[in-house]
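In this text, all values refer to a predicted model and were calculated from it rather than measured experimentally.
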Amino acid sequence: MSGVSERSKLPLKLNSDTKKDPPLPAGGRAALIYAAAGGLWIVFSGLSANFILGGSHTVRLTAALIVCGLLFVCASAVIIHLVAIRIDLAWKPPTEGEAISTAFFRNFPGMAYRYSPDPDHSFDFISPGAVELTGLPACELSKMQTLSDMVFEEDREAIRAEIVNALAAKLPFKLMYRIRAADGHTKWVWEQGLGIYSPKGELEAIEGFLVDISGRKRIEEALRRSEQLYMALAESISDAIFMVDEDRYIVSVNRAFLDLFGYSREEVIGQTIGMLHPSEESFRDFGELRHQMERGPVRVEWELMKKSGEVFPVEGTFSVIEGAGGKTGGHVGIVRDITERKRVEKELREYREHLEEMVQERTRELREAQAALVQREKLKTLGATAAEVAHEFRNPLVSIGGFARRLQKKHPDSSEAEIILRETERLETILNRLSDYLRPVDMKPSECHVNTILSESVALLAPQLEKKKVTLHMELQDDLPTAHVDPAILTQVFVAMIRNSMGIMDQEKEMTLKTYHGDRNVYVDMTSPVAGNRLLDPELMLLPFEESLKGTGISSTFKLLKEMGGTLSFARHGSKVKFTVSLVKCHEGDHEKPATERQSG
């Protein structure tokens, strides 16, 4: 209730009696009727007594009584007339304003009051709505203490201070507090009042009203809980959420929005949504979507800008917030960063576009690996056989060679001895070549730039290329990955392959060197024209038995590449042959993995 200290002792009095119109007619008419009726009664009663009693004395006595009675009636009529006039003067019919005021207070949904600031603090007026507000009958509301006790104790001091300060400043006071009604239910009430002052500035009375606002408070509490639930939900979502008003100014954002765009909440609230667009054109074009939003939520992909200036793609769902009267009150947007998804989509698109090329490359790698595996197995079998043959043949050849030299000394002109000696030396050369082929190579692999090694190898052979008038075309990939190889051995391989290519060329003196890479390997292609049938059997080229130009003499090259974990393949297309060197890319951990282990794996 209102001030506890100021009004705790105010007595409460409910003025529920209502004055009614007096049933009496006008004063003069009432007096005349009274006098006439009284006079007739006195005369009639006197005459009746005289007729019954008779006698002269009786007549005189009756006449005296009639005269006295008439005098009393006349005097009474005068008194009645004066009283009636007094009553007419005292009672006035209610004016139109008073009637309206009475109807208002009878129907007022609360409690209107007026009380005096005297020591008794008695109420001058309380509207009928006080009973419904408090739940107490009028007789119990006759004391202010009863009404004040309904106020929650923790609210009383604040209420008292507010009223005292307002009366001291001669200002109205507005309060909102809780009371406990007679049925035990808690009610929220709104009180507004002011002091009534005399011309001298003295407080004469306090007037005001109280209304029940419990329903409004319940709605406010439900709205507050709803807002809390919404904020908790919005803050827990990983997507960025923002709301703008009808003029596209930001009114609310969640934590994910701040994390995504890099702003603080103070930097964005109240700012135009244009701060997120990379250009004025983007902001204007996005505004055109509002017409689509009126028909339902719109899902689009757009580019927005972070605080750092980074422009990135987003996917968002945008919808209308309905305002008062069904009008658009703003918009809400939910966006997410799709940079990673766009990157993956681009990779997939490129992958699909180059799928056929990748399949061909992978097929070629598999073919090369299969050919290398077959060749490796052949050489493994050959190695075991050749080692045994070399051992068994060397001792007889030494003996045959010795006897051939003795025969040549004894018979210098013997052609048979010369033939035996020459063939013996040829067989010893083959055995030495075989021994060298089977002897393991000491490898020292490291991370190497293939383009550099190839360029140095070409530089070493520059005089020979110039002498044979060979035109060299080099197509080296700029961003070629490094390979895990022995640089000295790889130089030896390139030099041997270029020399052999020059040896099998026809009159067309052109050679093309090309480098490129795949998923796991670095490749070097050497393409050159070939003369006639110098490559009769491709498999025999890799064996250590061919000599001169019947083969290419690159068996040792194949062996060296195999030791480094690489392969050598070739293909003939018409008059040209292409040798392809495949080397292992230098991945993390390759430096600690020996080439022999890579080969066995």
**Q** Within this structure, what is the OG1-NE2 distance for the pair Thr515 and His449, rounded to the nearest 0.5 Å?
**A** 12.5 Å
**Q** For the residue pair Thr512 / His473, report whether a side-chain donor-acceptor contact shorter than 3.5 Å exists.
**A** no
**Q** If you take all heavy atoms of Ser501 and Ser528, which pair is closest and at what distance?
**A** CB-OG, 3.8 Å
**Q** With the side chain counted from C-beta on, respond yes when Val522 and Val584 share a heavy-atom pair under 4.5 Å apart, and no when they do not.
**A** no
**Q** Output the distance between atom CG (Leu568) and atom OG1 (Thr580), rounded to the nearest 0.5 Å.
**A** 8.0 Å
**Q** Any heavy-atom pair between the side chains of Leu260 and Phe312 that's under 4.5 Å?
**A** yes
**Q** Measure the spacing between CE of Met275 and OH of Tyr249 and express it to the nearest 0.5 Å.
**A** 12.0 Å
**Q** Any side-chain heavy atom of Val311 sitting closer than 4.5 Å to one from Leu304?
**A** no
**Q** Above 12 or not: heavy atoms from other molecules or residues under 6.0 Å from CG of Asp478?
**A** no
**Q** Looking at Asn254 and Ile241, would you say the former's side chain and the latter's main chain have a donor-acceptor pair under 3.5 Å?
**A** yes
**Q** Is the closest side-chain heavy-atom distance between Met511 and Ile498 below 4.5 Å?
**A** yes
**Q** Quick one about Asp337 and Thr339 (side-chain donor to acceptor, distance below 3.5 Å, no hydrogens or angles considered), yes or no?
**A** yes
**Q** Please check this pair: side chain of Glu246 against backbone of Gly330, looking for a donor-acceptor N/O pair closer than 3.5 Å.
**A** no
**Q** Report yes if the side chains of Val524 and Val450 come closer than 4.5 Å at any heavy-atom pair, otherwise no.
**A** yes
**Q** Using a 4.5 Å cut-off on heavy atoms from C-beta on, say whether the side chain of Arg265 contacts that of Val253.
**A** yes
**Q** Can you confirm whether Glu281 is buried at CD, in the sense that more than 12 heavy atoms of other residues, nucleotides or ligands lie under 6.0 Å from that atom?
**A** no
**Q** Between atom CG of Leu348 and atom CZ of Arg341, what is the distance when rounded to the nearest 0.5 Å?
**A** 12.0 Å
**Q** Indicate the atoms forming the closest heavy-atom contact of Met497 with Phe579, along with that distance.
**A** CE-CB, 3.5 Å
**Q** For the pair Phe257 and Phe242, name the ring-plane relationship: parallel under 30°, tilted 30 to 60°, perpendicular over 60°.
**A** tilted
**Q** Considering only heavy atoms from C-beta outward, does the side chain of Phe494 approach that of Ile453 to under 4.5 Å?
**A** yes
**Q** Can you see which heavy atom on Phe261 is nearest to which on Met305, and at what distance?
**A** CD2-O, 3.5 Å
**Q** One thing to verify: whether Arg336 and Asp239 come together as a salt bridge, which I'm taking to mean a side-chain N less than 4.0 angstrom from a carboxylate O.
**A** yes
**Q** Are Glu345 and Arg349 ion-paired here, with the side-chain N under 4.0 Å from a carboxylate O?
**A** no
**Q** For the residue pair Lys585 and Pro481, what are the closest heavy atoms and their distance?
**A** CE-CG, 3.8 Å
**Q** Hey, are Arg224 and Glu227 close enough for a salt bridge, meaning a charged N less than 4.0 Å from a carboxylate O?
**A** no
**Q** Any side-chain heavy atom of Thr491 sitting closer than 4.5 Å to one from Leu460?
**A** yes
**Q** With a sphere of 6.0 Å drawn around CD of Glu350, does it hold more than 12 non-hydrogen atoms of other residues, nucleotides or ligands?
**A** yes
**Q** Can a salt bridge be assigned to the pair Glu221 and Arg225 using a cut-off of 4.0 Å between side-chain N and carboxylate O?
**A** yes
**Q** Taking the six-membered ring of Phe283, is the NZ or CZ of Arg248 close enough (under 6.0 Å from the centre) and on axis enough (within 45°)?
**A** yes
**Q** Under 4.0 Å between a side-chain nitrogen and a carboxylate oxygen: does that hold for Glu510 and Lys468?
**A** no
**Q** Let me see the working for Ile321 and Met243 under side-chain contact (heavy atoms from CB on, under 4.5 Å), right down to the final yes or no.
**A** CA-CA 9 Å; Ile321 300 175; Met243 288 192 293; 3.8 Å; yes
**Q** Please report the shortest heavy-atom distance between His277 and Ser282, naming the atom on each side.
**A** ND1-OG, 2.9 Å
**Q** Are there over 12 heavy-atom neighbours, none belonging to Lys306, within less than 6.0 Å of that residue's NZ?
**A** yes
**Q** Walk me through it: do Thr317 and Val298 pass the test side-chain contact (heavy atoms from CB on, under 4.5 Å)?
**A** CA-CA 6 Å; Thr317 301; Val298 177; over 6 Å; no
**Q** Indicate yes or no for a side-chain donor-acceptor contact from Glu267 to the backbone of Ser264 under 3.5 Å, with no hydrogens or angles considered.
**A** yes
**Q** For the residue pair Gln477 and His517, confirm or rule out a side-chain donor-acceptor distance under 3.5 Å.
**A** yes
**Q** Roughly how far, to the nearest 0.5 Å, is CZ of Phe286 from CH2 of Trp302?
**A** 6.5 Å
**Q** For Arg284 and Glu280, what are the C-alpha separation, side-chain angles and deciding distance, and is it a salt bridge (Lys or Arg N to Asp or Glu O under 4.0 Å)?
**A** CA-CA 6 Å; Arg284 183 177 60 254; Glu280 183 65 28; 5.1 Å; no
**Q** Nearest 0.5 Å, what's the NE2-SG distance between His484 and Cys586?
**A** 6.5 Å
**Q** Can you see which heavy atom on Pro313 is nearest to which on Lys342, and at what distance?
**A** CG-CG, 3.9 Å
